[in-house]
Structure formats: C-alpha cells, structure tokens
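Side-chain atoms are counted along with the backbone in the values below, which use heavy atoms only and exclude waters and symmetry mates. Computed from a predicted structure; not experimentally measured.
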Amino acid sequence: MRLDKYLCETSFGTRSQVKALLKKGLVSVNGEQEKRPERKVDERSDTIFCGGKTAVYSEFTYLMLYKPAGVLTARSDRRERTVFDLIPADLRRNLSPVGRLDKDTEGLLLLTDDGALAHHLLSPRHHVDKRYFARVQGALREADITSFQEGLDIGDEHKTLPAKLEIQKSGIESEALVTLHEGRYHQVKRMFQAVGCEVIYLKRLSMGSLALDESLAPGEWRRLREEEIALLKKEEGARDGAGDAN
C-alpha cells in the first residue's frame with residue numbers, strides 16, 4: 001500500500017493533508033524519516049509514526065456520521081440526498097449503514113464494512129441498547145414510564161420489550177430519553193403514539209458503547225478511535241446473542 005493512502009486509512013487526514021505532513025518530515029517508517037508519499041509499506045509488519053503517534057491500520061473501516069434530518073439512510077436515491085453523499089467517494093464502496101434512521105431523524109449512524117460487528121449490533125438476539133432523545137407533542141406522565149417498562153402494544157403481534165423512559169420535561173411539549181433493546185419499524189414513534197404523544201424531533205445518541213461525538217456538526221463524520229472500536233469488539237465477544245427503531 002502507498003504510504004499516503006496508509007496514512008489516510010489510519011485517520012491522519014485527507015490525501016493533501018497527509019502529503020503536507022510528509023513534506024514537513026513528520027512521518028517515519030520503521031524508525032526512519034520518510035517524505036515520499038508513493039513509498040510502499042506493508043500494513044501488517046511496518047511500524048509507522050506520524051506526528052509522534054502510531055498509525056495503526058485496521059482491515060475494516062468504521063465511520064461515525066452525525067446524520068442530519070432531511071437525508072435518507074440509503075446508498076443512492078434519484079431525488080433525495082443520502083448519507084453516502086456525505087462520505088468521500090473513495091470510502092463509500094464497501095460501507096453499509098448499521099441500521100437505518102428515518103429521513104426526519106438525526107444523530108448517530110455507524111457505517112462499516114465489518115459485517116460481523118454490524119450483525120451483532122442489529123440482531124434482536126443481542127439486545128444492544130439504543131438511546132434516543134425525543135421531543136413530543138403532549139404531556140408525559142409517570143405512568144408512561146411504567147408502560148414503557150412493561151411493554152407497549154404498537155400494533156405488532158407482540159408487545160415491545162421493556163424499554164426505559166426518562167422524562168426530562170412534561171407539558172404541551174415534552175422531552176425524554178428512551179433506551180431500547182430491540183428495533184422495530186418506527187418503534188420510538190409508535191411507542192409514544194401508544195401513550196398519546198406525537199414525536200416532533202428525534203435524535204439517536206448512542207448504540208451500545210458508541211456515543212455520538214457532539215463535536216461533530218450534523219452532516220460531519222469521523223473515523224472511530226481505536227478505543228471505541230475495541231469497546232464495540234469487546235461487547236461483541238461478550239454477548240452470545242437490535243435493529244433500529246425510530
């Protein structure tokens with residue numbers, strides 16, 4: 001692999017940013033300074049430093065996207081913008097979104113080519129927590145906390161699994177945090193409808209151990225950090241046995 005491509009793949013910047021780092025002499029390969037972007041490196045055996053930090057290569061790509069409202073969770077669409085329009089073309093090819101967020105829902109969306117991890121996060125058997133912030137039309141009551149905990153009839157064959165409702169504000173408009181362990185179609189919206197409220201704003205805050213980086217603006221993305229990947233992998237390995245619900 002070319003050195004400049006390797007550094008791009010390990011989150012040190014765009015191709016032009018990486019070339020600037022090389023030109024400044026901030027990159028070393030196996031202990032020797034290297035300024036040539038075309039230098040071939042072995043991602044499995046070479047030791048590469050950039051700006052004093054180790055450039056660690058992963059065979060998979062993991063991107064955190066702050067999905068904005070008004071964008072489809074789809075690979076392409078003839079009329080609408082999709083989440084893949086927000087990702088550089090050279091990264092899109094093998095990535096898939098881990099679950100879906102509605103067009104009008106914003107927040108955390110993970111895109112990866114790691115199929116095993118994606119399956120773990122989405123499989124109903126694994127009960128991966130998904131946490132949302134919701135603003136709804138209508139008053140939320142203490143009784144609704146119990147209803148969410150006991151499971152709600154949202155028109156499916158079975159009631160929802162127990163979910164956690166944390167009321168932050170109640171009134172003509174109410175605000176709450178919701179944590180689910182499964183993912184049915186439009187589940188959050190349908191659960192609030194079941195207690196007489198209508199969702200007017202919905203944002204996914206986290207999935208498993210992965211929390212939305214609030215330094216990202218809607219539409220921005222970054223690669224996952226090594227510690228974030230390690231935590232997700234640890235959770236994957238720890239559970240023997242959640243789709244999305246917005």
Side-chain angles (χ1 to χ4, degrees), residues 64-74 77-86 97-111 121-122 124 126-221 242-246:
M64 176 191 296
L65 172 69
Y66 187 157
K67 178 197 170 298
V71 174
L72 299 179
T73 306
D77 189 87
R78 293 182 178 180
R79 301 184 188 87
E80 307 271 7
R81 273 202 316 161
T82 77
V83 293
F84 282 91
D85 294 324
L86 305 174
V98 181
R100 305 177 69 85
L101 292 177
D102 288 348
K103 179 180 177 181
D104 60 350
T105 300
E106 64 178 60
L108 173 67
L109 186 66
L110 173 63
L111 299 104
L121 291 170
L122 294 176
H126 297 158
H127 301 286
V128 174
D129 288 358
K130 297 168 186 67
R131 198 163 191 243
Y132 296 81
F133 169 80
R135 185 176 299 117
V136 303
Q137 193 76 41
L140 289 169
R141 305 156 298 168
E142 290 296 315
D144 297 328
I145 296 175
T146 302
S147 296
F148 271 63
Q149 178 61 39
E150 292 179 346
L152 288 160
D153 181 354
I154 59 172
D156 291 344
E157 185 178 351
H158 302 289
K159 282 186 174 183
T160 59
L161 293 177
K164 184 178 182 181
L165 175 67
E166 302 169 75
I167 301 172
Q168 297 188 315
K169 171 186 170 184
S170 183
I172 296 174
E173 285 188 5
S174 300
E175 295 178 355
L177 298 173
V178 182
T179 303
L180 306 180
H181 314 286
E182 58 179 335
R184 305 187 198 181
Y185 180 69
H186 293 336
Q187 185 172 340
V188 174
K189 295 174 181 176
R190 292 161 70 197
M191 290 178 77
F192 278 111
Q193 287 171 349
V195 296
C197 295
E198 196 72 27
V199 171
I200 55 179
Y201 173 80
L202 189 60
K203 177 180 179 180
R204 182 159 66 188
L205 303 176
S206 63
M207 173 182 271
S209 63
L210 185 65
L212 178 65
D213 185 341
E214 294 291 355
S215 70
L216 295 175
E220 291 184 339
W221 63 275
D244 273 347
N246 54 86

| request: Please name all residues satisfying side-chain contact (heavy atoms from CB on, under 4.5 Å) with Leu205, sequence neighbours left out, ordered by chain then number. | output: Phe133, Leu177, Lys203, Glu214
| field | Nearest heavy atoms of Thr73 and Gly99, plus distance in Å | value | CG2-O, 3.7 Å
| query | Ala163 and Met191: which non-hydrogen atoms are nearest, and at how many Å? | reply | CB-CE, 3.8 Å
| said: Holding to side chain to side chain donor-acceptor pair (under 3.5 Å), I want the full list of residues that pass it with Ser209, two or more places apart in sequence or in another chain. | reply: Glu235
| field | Partner set under side chain to side chain donor-acceptor pair (under 3.5 Å) for Glu80, not counting sequence neighbours | value | Lys103
| task | May I ask you to decide if Arg79's main-chain N or O and Asp77's side chain share a donor-acceptor pair within less than 3.5 Å? | result | yes
| field | Donor-acceptor contact present, side-chain Arg204 to main-chain Leu108, <3.5 Å | value | yes
| Salt-bridge present (Lys67, Glu106; N to O < 4.0 Å) | no
| query | Is there a salt bridge (charged side-chain N to carboxylate O under 4.0 Å, His left out) between Arg131 and Glu166 once you walk through the steps? | reply | CA-CA 11 Å; Arg131 198 163 191 243; Glu166 302 169 75; 3.1 Å; yes
Identify each donor-acceptor pair in which a side-chain atom of residues 145-154 lies under 3.5 Å from a protein atom, sequence neighbours left out, and give them as a table.
from: Ser147; atom 1: OG; to: Ala143; atom 2: O; distance (Å): 3.2
from: Asp153; atom 1: OD1; to: Gly155; atom 2: N; distance (Å): 2.9

| What's the spacing between Asp213 CG and Leu65 CG if we round to 0.5 Å? | 12.0 Å
| field | Salt bridge present between Asp129 and Lys164 (N-O < 4.0 angstrom) | value | no
| request: State the CD-CZ distance between Gln137 and Arg135, to the nearest 0.5 angstrom. | output: 11.0 Å
| task | Please name all residues satisfying side chain to side chain donor-acceptor pair (under 3.5 Å) with Glu142, sequence neighbours left out, ordered by chain then number. | result | none
| message | Ignoring hydrogens, what is the shortest heavy-atom contact between Ala74 and Phe84? Give both atom names and the distance. | response | O-CD1, 3.2 Å
| said: To check you understand the geometry: which heavy-atom pair defines the closest contact between Ala139 and Ser174, and what is its length? | reply: CA-OG, 3.4 Å
| Closest heavy-atom pair and its distance - Leu202, Ala134 | CD1-CB, 3.8 Å
| said: Arg81: which residues meet the side chain to side chain donor-acceptor pair (under 3.5 Å) condition with it, sequence neighbours left out? | reply: none
